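Here is the structure we will look at, set down as C-alpha cells.
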Amino acid sequence: METRRATVAAHLLRSARALGADFVFTNLGSDHPAFIQAFAALDDDGSGPEPIVCPHEMTALSAAHGYAMITRRPQLVLVHVDVGTQNLGGSVHNAARARVPAIVVAGLSPLTLAGDRVGTRTEIIHFTQDVPNQADIVRPYMKWSYELRAPETVHEVLARAAQMASAAPEGPVYLTGARELWEETVSVPLPRAVPAAELGGLAPGAEERVLRALARAERPLVLTSYLGRAPRAVELLVRLSERLGLPVQQPAPQYLNFPARHPHHVGYARERNVDRADCLLVLDADVPWLPQFVRPAPGTPVFLIDVDPLKEGLGFWSFPLDGSFRADTEVALEQLLRRAEAAPPDAALLEKRRAWIAELRRAAEPAPVPASEAITPAALSQALAQLIDDDMIVLAEALTSMPALLPRLPLDRPGSFYASGGSGLGWAINAAIGAKLAQPQRTVVALVGDGAYQFGVPGSAYWVARHYDAPTLTVIFNNGGWRAPKHSNDLVHPGGGPAGAADKYWITMTRGARLAEMAAAAGEAAAFRVSAPAELGGVLREALAVVRAGRAAVVDVVLEPVSRQRLGRRPARGRAAPDESAGRRGRQVQEQVVNEAVSIAATGGRHHA
Ligand SMILES: Cc1ncc(C[n+]2csc(CCOP(=O)(O)OP(=O)(O)O)c2C)c(N)n1
Ligand SMILES: [Mg+2]
C-alpha cells in the first residue's frame, strides 16, 4: 500500500477522494491554513476532492446533500469552527431528517499558546472561538461525531466517518480537529474503505405475516415517502403493486417512489383514504398520515417496513403498528415479490381492488384550472407540467403550493423528483447545485416558494452555480410572503382570529423585493418576472432555453399576495418623522433600477452582463 509524507489535512483530502468524495464544499477560516496549502498542493494532480468554494455554509451542506441524494456518496463539507458550524443552520436538520450522507469537517481553535508547533494561536478569535464542546452545536443531528486527536489515525478515522455516514440509515457525521493537528506531517498509507454494514431484508416469518394480511384485504393501501432513494425499489414496488393490485399513496414524498402516471398511483394525500383501507403497508415513511385528520379504522392491520422503524432521531412519535420491521425496502420488496409471484393471483379479489383503486384515483384527480386574472399556484403548476419532462430533475420546496403542484407533475422516472425531507428552508436552490454536479447532462429545476428562495441565501447559491458550472432553472411561487405560518395560525385559530381579521399576519417580507435580480447580481443568472397568465408559458420556455444554453435562470412568478399587510416601523409616536426628501431620492434610484429590470425581463435576461 502506498505510503506518503504529507500534512494531516492533505491526507484527509486524499482519503476522502479515495473513499468516493468528488467534492469538498468549502467555507474557510483561520482553522484552515493546512487545508489551503493542501488544496494548492493537490490542485494539479486531482488526488483530492475538487474544492467548491461556497460563500455561505447553507450552500455548502445543501449542495453536498443534493449530490449525495443522487449518488449516495458522502461528500466533504469544510466549515470554520463554531461559527461556520452554526451557519450550516437548517441544512444540518435537512441532511439528518432526509437520512442523506455527508461528512462535515470543522476546525477547532489552536490548542497551544506559543511554542514550535505549526498552527499555534496567532489571533484573538482563537480565544473567543474556543468553545468547550463544539460538537454539541450539532449533536442531535449527527449520526456520529469525533475529534481527530492522533495524526497517524487520519485515514482510519475518515474511513470510519464515511462508513458511519453511509451505513443505513445514512446521515451526516461531524469531524473536528485542532489547527496544529491538521498541520502535522505524518507518513501513513492510503486508506482502505470500510464496508458500510449492510442491512438485510425481512426476518423469517415476516414476509408471510405481511402477505397473509394483504391477502385478506379488499382495500389495501401502500404508503411511502422515501423508498425511491433506491431507484430499483421503485421498480420492485411497481411489480408488486401490479401483481397484487395495490394502490400506492405518497405522503410528503422525498423522492419519486412510484411513477406518477401509473394506473395504481393514487396521489399524495396525508389526510384521506387511510381510514377506509382494510390493510396498510407503510414502506419508508416518517409520517404516513396525519392522525389529527385521519386514522386507520379499528382492527385494520398496519405494517411498517423501514430503514429506520424506530425513528431514532425523533422525540414523540406514535403510530399504531401490528408489525414493525427494520429492513432495506429494496431487499424486502424482492422477498415479498418472490412469494407473491409464486402464488396464483386471486381474480375476484383483484377485481374488487381495481374498483377501490379507481375510486381513490378519482379523488386524487386535480380539479381543472379555472381562468383567472392572476396566476394561481394551480395555473403555474399546470404550466410547469407542460414544461417539465421525465429527463429532468425536479427539486421542490414550494411549501403551501405543494398540494397544487404534486398531482400535476408528470414524472415517472425514479430519480426525477426530490424534496428536502426536512423543514430547514433554503434547501432547494442550493441542493440543485449538487444535483447538477451529480448529473451534468440533465436539466435541473428548483420549484420554490418566495420564502424558501430567500432562506436559501441566493447571493451565495447563484454565485456558486455560475462559477462551478451548475446552471439550473429556478421558478418562484411568489405569493408575496409566507402562507405557511398563516395557514398554521388559521389551523389553531379558525378563521384567523383577531390577527386574521385585521390581516396582520407579519408574513409579507418578500413584498417589493426583486427576487430574481438577486441571482442576476450574484451569479449573472437571467432574471424573469411574470404576472400575466397569458405570458407565463412563453416566459418559462424562454428561461428553460437560457438554462439549456448554459446559464442559470430565475423566473419570479407573481401570484395573488397572501396578505396585504405592509411591514415596517410603526407609525411615529413621538418619533421624528422621516426625512421626506431622502425618501424621494431613494425612490428615484429604485425606479431607475426597476426600469432596468423591466428591460432585462423584456429581453429574456440574455443581455444582463
Ligand atoms: C429556517 C426556517 N425558518 C422558518 C421556518 C418556518 N416556515 C415554515 S414555512 C415558512 C414560509 C415559507 O414561505 P414560502 O416559501 O414563500 O412558501 P409559502 O408558505 O408562501 O407557500 C416558514 C417561514 C422554517 N421551516 N425554516
Ligand atoms: Mg410564499
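Quick note: residue numbers are just sequence positions, from 1. Heavy atoms only: backbone and side chains are in, while hydrogens, waters and symmetry mates are out. None of the values given here were measured: they were computed from a predicted structure.
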Stepwise side chain to side chain contact (heavy atoms under 4.5 Å, CB included) test for Arg99 and Asp286:
CA-CA 11 Å; Arg99 304 183 181 85; Asp286 287 330; 2.9 Å; yes

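- At a threshold of 4.5 Å between non-hydrogen side-chain atoms, the residues Pro55 and Val464 count as touching.
- More than 12 heavy-atom neighbours from other residues, nucleotides or ligands sit within 6.0 angstrom of CZ on Arg97.
- Side chains of Thr224 and Asp284: no donor on one and acceptor on the other come within 3.5 Å.
- Between Val554 and Ala519 the shortest heavy-atom distance is CG2-CB, 3.5 Å.
- Residue Val547 comes nearest to Pro471 through the heavy atom pair CG1-O, 4.0 Å, listed as atom of the first residue, atom of the second, then distance.
- At distances below 3.5 Å, not a single donor-acceptor pair connects side-chain atoms of Lys436 with backbone N or O atoms of Thr472.
- Atom CD of Gln254 and atom CG of Leu227 lie 11.0 Å apart (nearest 0.5 Å).
- Between the side chains of His93 and Ser423, at least one donor N or O lies within less than 3.5 Å of an accepting N or O.
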Could you please spell out the steps behind the side chain to side chain contact (heavy atoms under 4.5 Å, CB included) verdict for Phe417 and Ile393?
CA-CA 6 Å; Phe417 174 87; Ile393 295 178; over 6 Å; no

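- The aromatic rings of Tyr453 and Tyr462 are tilted relative to each other, their planes meeting at an angle between 30° and 60°.
- Between Tyr67 and Phe23, the gap from one ring centroid to the other is short of 6.0 Å.
- Here the CZ atom belonging to Arg483 is positioned 10.0 Å from the CG atom belonging to Asp450, to the nearest 0.5 angstrom.
- Contact of the Gln439 side chain with the Gln441 side chain is registered, since non-hydrogen atoms from C-beta on lie closer than 4.5 Å.
- Between Leu13 atom CG and Glu50 atom CD the span is 12.5 Å, to the nearest 0.5 Å.
- In this structure, the separation between CG on Leu78 and CG on Leu61 is 12.5 Å, given to the nearest 0.5 Å.
- More than 12 heavy-atom neighbours from other residues, nucleotides or ligands sit within 6.0 angstrom of CG on Leu491.
- Among all heavy-atom pairs drawn from Phe455 and Met58, the shortest one is O-CG, 4.4 Å.
- Pairing each heavy atom of Gly481 with each of Thr510, the nearest pair is N-OG1, 3.1 Å.
- In this structure, CG in Leu515 is found 4.5 Å from CD1 in Ile476, a value given to the nearest 0.5 Å.
- At a cut-off of 3.5 Å, with distance as the only test, no side-chain donor of Asp82 or Gln134 sits close to an acceptor on the other residue.
- Side-chain atoms of Gln249 and His265 include no donor-acceptor pair closer than 3.5 Å.
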Could you walk me through whether Val444 and Leu473 pass the side chain to side chain contact (heavy atoms under 4.5 Å, CB included) test, one step at a time?
CA-CA 6 Å; Val444 176; Leu473 172 63; over 6 Å; no

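- Side chains of Gln129 and His80 form a contact here, defined as non-hydrogen atoms less than 4.5 Å apart.
- Taking the side chain as every heavy atom from C-beta outward, Asp31 and Ser109 never approach each other to under 4.5 Å.
- At a threshold of 4.5 Å between non-hydrogen side-chain atoms, the residues Thr26 and Ile52 do not count as touching.
- A donor-acceptor pair under 3.5 Å links the side-chain atoms of Asn94 to the main chain of Gly424, judged by distance alone.
- Aromatic ring centres of Tyr418 and Trp427: separated by at least 6.0 Å.
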What verdict does the side chain to side chain contact (heavy atoms under 4.5 Å, CB included) test give for Ser91 and Glu57, after you've listed the backbone C-alpha separation in whole Å, the side-chain angles of each residue and the deciding distance to 0.1 Å?
CA-CA 9 Å; Ser91 66; Glu57 293 82 350; over 6 Å; no

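- Not a single donor-acceptor pair under 3.5 Å links the side chain of Trp289 to the backbone N or O of Val287.
- Looking only at distances, no side-chain donor or acceptor of Tyr141 sits under 3.5 Å from a matching main-chain atom of Gly171.
- Using a 4.5 Å cut-off on side-chain heavy atoms (C-beta onward), Pro259 and Val234 make contact.
- Side chains of Tyr268 and Pro403 form no contact here, defined as non-hydrogen atoms less than 4.5 Å apart.
- Under the 3.5 Å distance criterion, the side-chain polar atoms of Arg229 are matched with a main-chain donor or acceptor of Tyr226.
- Between the side chains of Thr85 and Tyr174, a donor-acceptor pair is found at a separation under 3.5 Å.
- Using a cutoff of 4.0 Å between basic side-chain nitrogens and carboxylate oxygens, Asp390 and Arg413 are not scored as salt-bridged.
- More than 12 heavy atoms of other residues, nucleotides or ligands sit less than 6.0 Å from atom NE2 of His467.
- Annotation for Gln565 and Thr508: closest pair O-OG1, 2.8 Å, computed over non-hydrogen atoms.
- Panel note: side chain Asn489, backbone Gly496; a donor-acceptor pair is recorded below 3.5 Å.
- Under 3.5 Å, the side chains of Asp490 and Tyr505 contain a donor-acceptor pair of N or O atoms.
- A distance-only check finds a donor-acceptor pair linking the side chain of Arg551 to the backbone of Glu524 [under 3.5 Å].
- Lys143 and Glu170 make their closest contact through CD-C, 3.9 Å (heavy atoms, listed as atom of the first residue, atom of the second, distance).
- A salt bridge links Asp22 with Arg73: the distance from a Lys NZ or Arg NE/NH1/NH2 to an Asp or Glu carboxylate oxygen falls below 4.0 Å.
- The shortest distance between side-chain heavy atoms of Val77 and Asn27 does not fall below 4.5 Å.
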List the atom pairs, with distances to 0.1 Å, where a side-chain N or O of residues 367-379 and a protein N or O form a donor-acceptor pair under 3.5 Å, not counting sequence neighbours.
from	atom 1	to	atom 2	distance (Å)
Ser372	OG	Ala374	O	2.4
Thr376	OG1	Ala379	N	3.0

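- Taking CD1 from Ile433 and NE2 from His65, the interatomic distance works out to 13.5 Å, rounded to the nearest 0.5 Å.
- In this structure a side-chain-to-backbone donor-acceptor pair under 3.5 Å is missing from Asn257 to Pro253.
- Of the possible polar contacts, one joining the Asp503 side chain to the Arg564 backbone as a donor-acceptor pair under 3.5 Å is found.
- Within 6.0 Å of CZ on Arg261 lie more than 12 heavy atoms contributed by other residues, nucleotides or ligands.
- Here the side chain of Asn430 pairs a donor or acceptor atom with the backbone of Gly456 at under 3.5 angstrom.
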